[in-house]
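One structure below.
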Amino acid sequence: MTHTTAAPTGDYRDMNRLMSLMTGDEKHGPAATSTLDALWVLYDRVLRVTPGTVDAPDRDRFLLSKGHGPMAYYAVLAAHGFFGEELLSGFGSYDSPLGHHPDRTLVPGVEIGSGSLGHGLPLAVGSVLGLRAQGLTDPRVWVLIGDAELDEGSNHEALAYAGPAGLEQLHTVVIDNASATYGRPGGIAARFKAAAWSVDSVDGRDHEALYAAFTAPHPGRPRAVVARVAPKG
């Protein structure tokens, strides 16, 4: 199934309207709204990918591991012209490409099918290694995970590997809305620091703080940004 792209709106103030178009049964509202600001800053100011470059070898890759709450992701993609906003009203319906978990074969701009916890960070590590094997050292790989996903051992294996391996192309955004079951001494940031990552913790609603953290240099190390949020709605 293919869908044409649309002219981007490019205005964060339009997000509430776009989100409100998705009236399907959504059981993970806080999971969606907690990601909205980080996603907006990434697509509006950081990621080097556009509707016209979704297949370009040198594009940045964005992987939404927190795929069980994709409404904000869909709204941001529509706002930036990856598909027409008329698709949003069908969210979650039988014949809509916008499912409760994003499908990379149906939604323009989506890099992975996701929603099962703990897969995105390992896939991001593999993506960086695959790019390196092809001699592509400029594209960056971004992955957005939830704090509860760090309850999954697969994430810790990927985290422990990426730091010592010096995967500088890898960037991880952790949405911390205090939903994890297990605590960690020193918090989430300390876990990444212990594995030799470059790490920062910021207010996940503050666009300027997010942008500064996303664009900070981190030579020779993967980058992690912990975005602390209180869920909207």
Side-chain angles (χ1 to χ4, degrees), residues 1-54 60 62-115 142-146 173 175-177 179 202-214 225 227-233:
M1 184 182 299
T2 58
H3 298 279
T4 59
T5 57
T9 64
D11 193 337
Y12 179 77
R13 293 171 296 182
D14 205 28
M15 286 297 95
N16 284 338
R17 181 186 68 82
L18 293 177
M19 292 279 283
S20 71
L21 295 176
M22 288 175 277
T23 57
D25 181 20
E26 171 52 66
K27 301 186 187 327
H28 296 287
T33 56
S34 64
T35 67
L36 179 59
D37 296 277
L39 286 168
W40 178 265
V41 174
L42 282 172
Y43 274 91
D44 198 54
R45 303 172 64 181
V46 178
L47 289 173
R48 297 173 299 189
V49 63
T50 68
T53 62
V54 292
D60 284 349
F62 174 77
L63 283 57
L64 180 69
S65 186
K66 193 178 170 75
H68 55 285
M71 291 194 303
Y73 186 39
Y74 293 153
V76 169
L77 287 174
H80 288 85
F82 286 85
F83 55 82
E85 68 175 66
E86 68 277 0
L87 291 180
L88 297 175
S89 61
F91 167 68
S93 61
Y94 175 76
D95 58 351
S96 172
L98 306 183
H100 291 295
H101 292 189
D103 187 328
R104 70 177 184 84
T105 67
L106 298 180
V107 186
V110 170
E111 296 280 358
I112 60 170
S114 61
W142 291 79
V143 58
L144 188 149
I145 70 174
V173 183
I175 301 297
D176 181 8
N177 56 7
S179 63
V202 299
D203 179 346
R205 302 293 187 197
D206 185 331
H207 289 198
E208 293 307 316
L210 287 166
Y211 177 72
F214 291 163
V225 176
R228 305 180 307 274
V229 299
K232 293 180 179 180

For the atom pair [atom1] ([X]) and [atom2] ([Y]), what is the distance rounded to the nearest 0.5 Å?
{"X": "Met71", "Y": "His100", "atom1": "CE", "atom2": "NE2", "answer": "10.0 Å"}
{"X": "Trp40", "Y": "Asp11", "atom1": "CH2", "atom2": "CG", "answer": "6.5 Å"}
{"X": "Thr35", "Y": "Ile145", "atom1": "OG1", "atom2": "CD1", "answer": "13.5 Å"}
{"X": "Asn177", "Y": "Ser34", "atom1": "CG", "atom2": "OG", "answer": "4.5 Å"}
{"X": "Leu106", "Y": "Asp103", "atom1": "CG", "atom2": "CG", "answer": "4.0 Å"}

* Asked: Which residues pass the salt bridge (Lys or Arg N to Asp or Glu O under 4.0 Å) test with Arg45, sequence neighbours left out?
  ->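 Applying salt bridge (Lys or Arg N to Asp or Glu O under 4.0 Å) to Arg45 gives Glu208.
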* Considering residues at least two apart in sequence or located in another chain, which fulfil the side-chain contact (heavy atoms from CB on, under 4.5 Å) criterion with Ile112? ->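 Partners of Ile112 under the side-chain contact (heavy atoms from CB on, under 4.5 Å) test: Leu63, Ser114, Leu123.
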* Is there a donor-acceptor contact under 3.5 Å from the side chain of Ser96 to the main chain of Ser93? ->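 Side chain of Ser96 to backbone of Ser93, a donor-acceptor pair under 3.5 Å: no, none is there.
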Which heavy atom of [X] sits nearest to which heavy atom of [Y], and what is that distance?
{"X": "Val76", "Y": "Leu36", "value": "CG2-CD1, 4.0 Å"}
{"X": "Gly204", "Y": "Asp37", "value": "O-CB, 3.3 Å"}
{"X": "Leu77", "Y": "Pro108", "value": "CD1-O, 4.2 Å"}
{"X": "Glu85", "Y": "Arg17", "value": "OE2-NH1, 2.8 Å"}
{"X": "Leu64", "Y": "Tyr73", "value": "CD2-CD2, 3.3 Å"}
{"X": "Leu18", "Y": "Ala75", "value": "CD1-O, 3.6 Å"}

* Please lay out, stage by stage, how Phe214 and Val173 fare under the test side-chain contact (heavy atoms from CB on, under 4.5 Å). => CA-CA 9 Å; Phe214 291 163; Val173 183; 3.7 Å; yes
* Do the ring planes of Tyr43 and His80 sit parallel (below 30°), tilted (30 to 60°) or perpendicular (above 60°)? ->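 The rings of Tyr43 and His80 sit tilted, inter-plane angle from 30° to 60°.
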Close side-chain approach of [X] and [Y], heavy atoms under 4.5 Å:
{"X": "Leu88", "Y": "Phe83", "result": "yes"}
{"X": "Leu87", "Y": "Tyr74", "result": "no"}
{"X": "Phe62", "Y": "Leu39", "result": "yes"}
{"X": "Tyr12", "Y": "Asp44", "result": "no"}
{"X": "Val46", "Y": "Leu210", "result": "no"}

* Residues which pass side-chain hydrogen bond (donor to acceptor under 3.5 Å, both in side chains) with Asp176, listed by chain and number, not counting sequence neighbours ->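 Checked Asp176 against side-chain hydrogen bond (donor to acceptor under 3.5 Å, both in side chains); zero matches.
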* Asked: Is the CZ atom of Arg48 crowded by more than 12 outside heavy atoms at less than 6.0 Å?
  ->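 Enclosed: over 12 neighbouring heavy atoms sit under 6.0 Å from CZ of Arg48.
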